[in-house]
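The structure under discussion appears below in the form of structure tokens.
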Amino acid sequence: MGRNSSLNCFWHAEDIRGKKQESCLNWNGQLTRQQQKVSNEIIASINNKENRLI
């Protein structure tokens, strides 16, 4: 960052870790039966902290 002094102005962003955020990803479609099955399996893998190749 180089040399700093008390005359320099620093900017910072609010720490948002741990705060619930509204998702910016929305989709109003419908999955096929097979897509829903795979989606459920992926969610189960994540919840069980299992590895899965996608």
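What you see below is based on every heavy atom in this structure, not just the backbone, and it leaves out hydrogens, waters and symmetry mates.
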Review point. What residues, two or more places apart in sequence or in another chain, satisfy side-chain contact (heavy atoms from CB on, under 4.5 Å) together with Gln30?
Key: none
Practice item. With sequence neighbours excluded, give me every salt bridge (Lys or Arg N to Asp or Glu O under 4.0 Å) pair touching residues 24-33. Key: none
Check your understanding: What's in the same ILVMFWY side-chain cluster as Leu31, cut-off under 4.5 Å, chained through other members?
Key -> Trp27
Exercise for review: Calculate, to the nearest 0.5 Å, the distance between atoms CG and CD1 belonging to Asn40 and Ile42 respectively.
Suggested key: 9.5 Å
Cut-off 3.5 Å, no hydrogens considered: what does the side-chain donor-acceptor table look like for residues 44-54, sequence neighbours left out?
unit_1 : atom_1 : unit_2 : atom_2 : d
Ser45  : OG     : Glu41  : O      : 3.1
Ser45  : OG     : Arg52  : NE     : 2.8
Ser45  : OG     : Arg52  : NH2    : 3.3
Asn47  : ND2    : Ile43  : O      : 3.4
Asn48  : ND2    : Ala44  : O      : 3.1

Exercise for review: Please list, chain by chain and in numerical order, all residues satisfying side chain to side chain donor-acceptor pair (under 3.5 Å) with Asn8, sequence neighbours excluded.
Suggested key: Asn4
